[in-house]
Every structure is written in C-alpha cells, then in structure tokens.
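Each residue takes its place number in the sequence, starting with 1. Below, each value reflects all heavy atoms present in this structure, side chains not excepted, and no hydrogens, waters or symmetry copies.
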Amino acid sequence: MRYDLVIFDNDGVLVDSEPLSNTILAAYLTELGHATSYEDSLRDYMGAAVHRVHDLILERTGQRLPGDFDEELHRRVFAAFERELQPMDGAVEILEKLAGDGVAYCLASSGSHERIRVGHRRTGLDAWFDEGRIFSSQDVGRGKPAPDLFLYAAERMGVAPERCAVVEDSPLGVRAAVAAGMDVYGFTAMTPAERLVGATELFADLRELPALLA
C-alpha cells in the first residue's frame, strides 16, 4: 500500500449515523423555532462539530441556542444510537484488511469522544479502535474544515501528512484533508459526488477502498 496511515472519518464512514443524527438535529432545531429540514441539516452540518450549529443559527437569526442545547442534542442522539445504530456496510471488512496487511489506521471525527464510544460499543467497532486510534475535534482548537484535526492525528500516529490517506464523506472533511496536504478518498454513499470537490478519488462502496489505496 502506498500510504503509511489511513485516517477514517467516523460518522457516515464507519458507522451509519448520519441519517439518525441529522433527523434528530433537524427536528430539534425546528422544535426550537429554527425551521430545518433533514436535507438542510445534511447540507449545513454534516461532518461538522456541534459548534457550527451554534455559529450558523446565530449568524442567520441573531439568536443563541439554549444553554443546554448540546447536552439535550447528545442525549437524543445517543438514545437513538443505542436503539438503532449499525456499522456501515463493509466497515469491518476494510478494517480486517488493513489490520491483516499491517497498515496503520485511526479515526479523526468531528464528534465527541463520548459520541464515538457510544456508537462503537453499539456496533462492535470498539474491538478495532483503542484509545490511541481515536481523535476528536475536542482534541484541537478548530474542527473541520480546518486541517488541525487531521494534522494532530497524523502527528500522534507518527506519520507525515503526505503519507496519509483520509476517508471522508462530507465536504467539510474533504476540505480539511486537502488543507492538511493529505490525499482524500470521497465516500459517495450519502453525499453527491459533486459536493466532494477536491477529493483525490471518489467511491461508493467501502469494499472498493483497498484497490484505490494500493
């Protein structure tokens, strides 16, 4: 393989969380008086840390979200994860392949460490990710689309950015990887290909990934 490290996004790449979390986010914002459709939520917030929700609502309406917004949103999302979350089709196979080939991998997610762990326990992916392989926007000052999170993950894993491949499904994540100087493979299972501008390659099935990375 031509890369020394594969960095996965988590939501929508390893776990099938985007439909659940964006349905809940759209409904909660609408409940608070900020009419938001599921499609709006995917467009504006997919791949972003929760502070982006606060920033865009304040920018657009001049209003601040409630002080307990994050806590309540996480409560609703985590409850849905415990009931319904599944791994992405092909996620376990690609992790088995990388581990079997001795290729280093990790994840770099806009989600909190708690969100990542809740999802991984539910889906069984916790068997593939110890704490040393998990990096969150909580660990850096700026989340995606800033490059900080990917650069931090590469530094912690001891790999130069140009030797890293990023697997992303969001426009914000693709922008972050490009800004970090990394090749990025855009996963189009949920995101239209034309929104992943800047991706090195595009693919629609995780099982296609080993051939692209070879």
Taking NZ, NE, NH1 and NH2 as the nitrogens, is one of them in [X] or [Y] under 4.0 Å from a carboxylate oxygen of the other?
| X | Y | result |
| --- | --- | --- |
| E114 | R117 | no |
| R76 | E31 | yes |
| R122 | E82 | no |
| D126 | R121 | no |

Could you report the tightest heavy-atom contact between [X] and [Y], atom names first, then the distance?
| X | Y | answer |
| --- | --- | --- |
| S110 | A49 | CB-N, 3.6 Å |
| P19 | T23 | O-OG1, 2.7 Å |
| M46 | S170 | O-CB, 3.6 Å |
| P210 | I94 | CG-CD1, 3.4 Å |
| D139 | I134 | OD2-O, 4.4 Å |
| C164 | A160 | SG-O, 3.4 Å |

Under 3.5 Å, sequence neighbours excluded: what are the donor-acceptor pairs made by side chains of residues 171-182?
none

Side chain proximity check, [X] to [Y], heavy atoms < 4.5 angstrom:
| X | Y | value |
| --- | --- | --- |
| L151 | P161 | yes |
| L149 | R142 | no |
| L29 | L65 | yes |

Would you say [X]'s side chain and [Y]'s backbone share a donor-acceptor pair under 3.5 angstrom?
| X | Y | result |
| --- | --- | --- |
| Y38 | I24 | no |
| D130 | G132 | yes |
| E84 | F81 | no |
| T36 | A26 | no |

Next on the checklist: For the CG atom of L213 and the CD atom of E208, what is their distance to the nearest 0.5 Å?
Outcome noted: 11.5 Å
Checklist entry - Between atom CG of L209 and atom CD of E201, what is the distance when rounded to the nearest 0.5 Å? => result 10.5 Å
Next on the checklist: Once you measure the plane-to-plane angle for H74 and F78, does it fall in the parallel (<30°), tilted (30-60°) or perpendicular (>60°) bin?
Outcome noted: parallel
Would you be so kind as to tabulate the donor-acceptor pairs closer than 3.5 Å made by side chains of residues 183-194, with sequence neighbours excluded?
| residue | atom | partner | partner atom | Å |
| --- | --- | --- | --- | --- |
| D183 | OD2 | Y3 | OH | 2.5 |
| Y185 | OH | R2 | NH2 | 3.1 |
| Y185 | OH | Y3 | OH | 2.6 |
| T188 | OG1 | F203 | O | 3.0 |
| T191 | OG1 | D169 | O | 2.5 |

Distance-only check: which donor-acceptor pairs under 3.5 Å involve side-chain atoms of residues 50-58, not counting sequence neighbours?
| residue | atom | partner | partner atom | Å |
| --- | --- | --- | --- | --- |
| H51 | ND1 | D55 | OD2 | 3.4 |
| R52 | NE | D44 | O | 2.5 |
| R52 | NH2 | D44 | O | 3.4 |
| H54 | NE2 | D70 | OD1 | 2.6 |

Checklist entry - Passes side chain to side chain contact (heavy atoms under 4.5 Å, CB included), F129 versus I116? Steps please. => result CA-CA 10 Å; F129 289 94; I116 295 165; over 6 Å; no
Next on the checklist: As a quick check of understanding, evaluate side chain to side chain contact (heavy atoms under 4.5 Å, CB included) for L98 and W128, giving each step before the final call.
Outcome noted: CA-CA 11 Å; L98 293 174; W128 297 95; over 6 Å; no
Throw together a table of side-chain donor-acceptor distances under 3.5 angstrom for residues 6-17, partners on residues two or more places apart or in other chains.
| residue | atom | partner | partner atom | Å |
| --- | --- | --- | --- | --- |
| D9 | OD1 | K144 | NZ | 3.1 |
| N10 | OD1 | H120 | NE2 | 2.9 |
| D11 | OD1 | S17 | OG | 2.4 |
| D11 | OD1 | R115 | NE | 3.4 |
| D11 | OD1 | R115 | NH2 | 3.3 |
| D11 | OD2 | R115 | NE | 3.3 |

Indicate if [X] and [Y] have the same hydrophobic cluster label, given that clusters are the connected sets of ILVMFWY residues with side-chain heavy-atom separations under 4.5 angstrom.
| X | Y | value |
| --- | --- | --- |
| L206 | L5 | no |
| V118 | L73 | yes |
| M88 | L212 | yes |
| V167 | L196 | no |
| L95 | M157 | no |

Item to check | Enclosure of D89 CG (heavy-atom neighbours >12, cutoff 6.0 Å) | outcome: no
Next on the checklist: R156: which residues meet the salt bridge (Lys or Arg N to Asp or Glu O under 4.0 Å) condition with it, sequence neighbours left out?
Outcome noted: none
Item to check | ring pair (Phe, Tyr, Trp, His ring centres under 6.0 Å) partners of residues 134-182, not counting sequence neighbours, each pair once | outcome: F135-Y152
